[in-house]
Amino acid sequence: MAGTVFFVALCGFLSVAYSAAPYKCAGVATYHLAFYGNWSMMTHPYAWPLGGRFSNLVGASHGDNYTIWDGGMMASPGVKDVAEEGNSSTLEAEIMQRIMYNKTAWKLIKSMDGIAGTGSEMNIDVEVTQDFPLVSIVTMLAPSPDWFTGIKKVSLCDTSSGMWMDSHTIYNLQPWDAGTDNGTTFMAANNPTMPPGYISMINKLAPPTDFMNLSASAIPTLGKMMFVRQNKPTMNQCSGMYYYTVKFEAKWSQATHPNGWPTGAKFSPLVIATHSYKYKMWSDMTRASPGVKKVAETGMEGTLYNEVMMMEKPGFVSNVYTTGAVSTPNGYNSTKIMVQNMYSMVSLISMIAPSPDWFVGVDSYDLCGTNGWKEMMIMNLLPWDAGTDSGRNFTSENMETNPVDVIKRITSSSDTQMGADADKVFATVTFTREEMITTTTQATTTASAPGLSAGLFAFLSVSLLAIMGVLF
C-alpha cells in the first residue's frame, strides 16, 4: 500500500514538475498594423449613412490585467468619447496613465487620421513584449449615436509554442454599442443613456438599430485588421557541438568607479544558460522573472537556476551553469559551456553587490555567426536595473518598486549613486571557442561540468528523498 501511494505521489510530483503550461513569448516584438475598411452602401445596404467613415484608430498593447473595452462592462470616459464623437484624446490620456503609473499597458497605438468606409490605413506601429502581448483598439462608426468597432485583448503571442506570430489577421469586425446614448439610427439626435448601460454587440435583433435593415442573415464584417511582424530575428545555422570557455573579469574598483564605492564590493555567482532564440533569461524593457529578481537583489542563484531548468522540456534551453562569486577589483573566473545546433545563444547574469537590484549580464548573444561558430568575442558589461527595487544607493534599505518596472540600462542620467560611473565598464566577458565535442569529450563534460540534466537529476533526487521521508 505504501509503495502504491509512493508511486502515485511520485507521478503526481513529476507531472507538476513537467506540466506543460502556456509559454510566454520572449523579449520584444514590433509589428505594422494595417486596417482595411469594408463599410459601404454596397456591403451594408441601409446600414451605411452618407459619408460613413471610421474615426482614427486608438488603443494600446497591454497585459491581461488591463481591459480597455469589452462586452458587459461600462465604457470608460475615453471609450465613450471615441464612440460618440470620434475624439480619442481622453482615451489616450487614460492609456498613458496606465503606461506611466499603473504599469498595465506598454505602448499607445494610434493612427493619425480618420478612414473612409472602404479606405485603409497602413504601417501603424505596434510594439508588444512578453509582459504586454495583448492588443486592444477602438474606432467610431461615424456618424452614429455611440457605435464603434474594434478588437479586444488580441494576443500576438502563440502561447502553444512560445513564438511571436509572423502575421495575424482579424477578419470579423462587428459593430458595438457603447451603452452611453439611446439613439437607434445613424443620424439620431443626442439622447444620453441615463444611467449609462453596458457595452454590447449590435446584432440584427437587438437593440433595434439601422443594422436590422440588412438583408443578410448576419451583419457582414466592417473591415479587417492585419498585423505583420517587422523584427523577426535572422537565424544563422551552425552544425556540430563545441565547447566555449567563458571568462568573466571584474573591472569595477574604487579607483575606476569612485562614486559610492561600497565596502565588500563583488559580483555574485554567475548563472549561464545556453539556449535557442525562443528563450530570454532577461532582456531590456521586460519585467524581471522571480529568479532574475532574486539574483539582482540578493545574488542568490537557486530560483533562476530552477527557472532555466524548467525550460528544457519545451526545447527552449540546452544547459545551465553556475560559477563562484567574483571579488573586486581584478577578480575573475572561467567556466566551460557547450553549444550545439539550434542552442547557439548564451545568456548570463551576475549581481552588482551590494546594490538594490543592479546587475551585469549578457542577453541572448549568438555564438553562431554567418561563417560558422565564432572563435572569440569580448563583451563590455554595463550596469542594469532589474526594476524591482527603488533604492538609489549601493547600500540602500530595501524599497520594493510598486508597481514593478521593466529592466533598464543604468546610465549617467539615471537617478542613482553611480552618476557618471554608470557609463563605465563594470566587467568583461570573453567567449573563446575550444575543441569540437565528440562522444568522449561529451562524457567528460557530463561528469565534470554539470548542466541542466545533472541539475535536474539532483533536484528530483532531493524531492524523491523528501517524499520517501514522509511516506516511510
Side-chain angles (χ1 to χ4, degrees), residues 35-59 67-91 94 110-111 113-121 135-154 169-226:
F35 175 85
Y36 300 90
N38 185 53
W39 185 34
S40 67
M41 181 61 73
M42 183 176 295
T43 60
H44 296 73
Y46 309 110
W48 181 79
L50 185 63
R53 59 184 177 82
F54 302 95
S55 68
N56 66 292
L57 278 64
V58 62
T67 303
I68 294 178
W69 70 274
D70 201 354
M73 67 179 283
M74 297 183 69
S76 69
V79 171
K80 175 180 182 294
D81 282 358
V82 170
E84 291 187 1
E85 303 172 14
N87 185 340
S88 65
S89 58
T90 303
L91 181 54
E94 291 176 359
K110 181 184 178 183
S111 66
D113 301 307
I115 305 165
T118 55
S120 62
E121 183 76 17
V135 174
S136 297
I137 294 172
V138 295
T139 176
M140 177 191 184
L141 303 179
S144 72
D146 62 342
W147 303 341
F148 68 95
T149 190
I151 58 175
K152 50 189 175 69
K153 291 193 172 183
V154 170
T169 302
I170 298 91
Y171 291 98
N172 188 19
L173 300 182
Q174 289 295 300
W176 291 78
D177 188 316
T180 59
D181 190 294
N182 288 320
T184 60
T185 63
F186 286 106
M187 305 302 295
N190 289 338
N191 182 16
T193 303
M194 296 300 293
Y198 299 99
I199 296 173
S200 61
M201 183 183 289
I202 298 172
N203 58 49
K204 292 192 62 178
L205 301 177
T209 68
D210 284 342
F211 287 98
M212 295 179 65
N213 299 322
L214 290 169
S215 58
S217 58
I219 298 175
T221 180
L222 294 163
K224 67 179 180 180
M225 294 190 189
M226 179 182 296

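The structure displayed is predicted, hence computed values, not measured ones. The analysis underlying the following values was restricted to heavy atoms, covering all of them including side chains, and did not include hydrogens, waters or symmetry mates.
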Quick one: does any side-chain atom of [X] pair with a main-chain N or O of [Y] as donor and acceptor, under 3.5 Å?
X    : Y    : answer
D146 : G179 : yes
H44  : L214 : no
T90  : P77  : no
T169 : M226 : no
T149 : P175 : no
W69  : S76  : no

Exercise for the section: Apply side chain to side chain donor-acceptor pair (under 3.5 Å) to N182 and T193, showing your working. Expected result: CA-CA 5 Å; N182 288 320; T193 303; 2.9 Å; yes
Handout entry: Within the 6.0 Å centroid threshold, strictly below: W147 and F186
Key = yes
Going from [atom1] on [X] to [atom2] on [Y], what distance comes out if it is rounded to the nearest 0.5 angstrom?
X    : Y    : atom1 : atom2 : answer
T118 : I115 : OG1   : CD1   : 11.0 Å
F35  : I151 : CZ    : CD1   : 10.5 Å
K80  : N87  : NZ    : CG    : 11.0 Å
T180 : E84  : OG1   : CD    : 3.5 Å
I137 : N56  : CD1   : CG    : 11.0 Å

Practice task
Before giving the answer on side chain to side chain contact (heavy atoms under 4.5 Å, CB included), spell out for L50 and M187 the whole-Å C-alpha distance, their side-chain angles and the decisive distance to 0.1 Å.
Solution key: CA-CA 10 Å; L50 185 63; M187 305 302 295; over 6 Å; no
Practice task
Indicate whether the side chain of E121 and that of S111 have a donor and an acceptor atom separated by less than 3.5 Å.
Solution key: no
Handout entry: Any donor-acceptor N or O pair under 3.5 Å, side chains T67, K153
Key = yes
Practice task
Over all heavy atoms of both residues, which pair between P49 and P143 is shortest? Give the atoms and the distance, please.
Solution key: CG-CD, 3.7 Å
Problem - Close side-chain approach of Y171 to T221, heavy-atom, < 4.5 Å - result: no
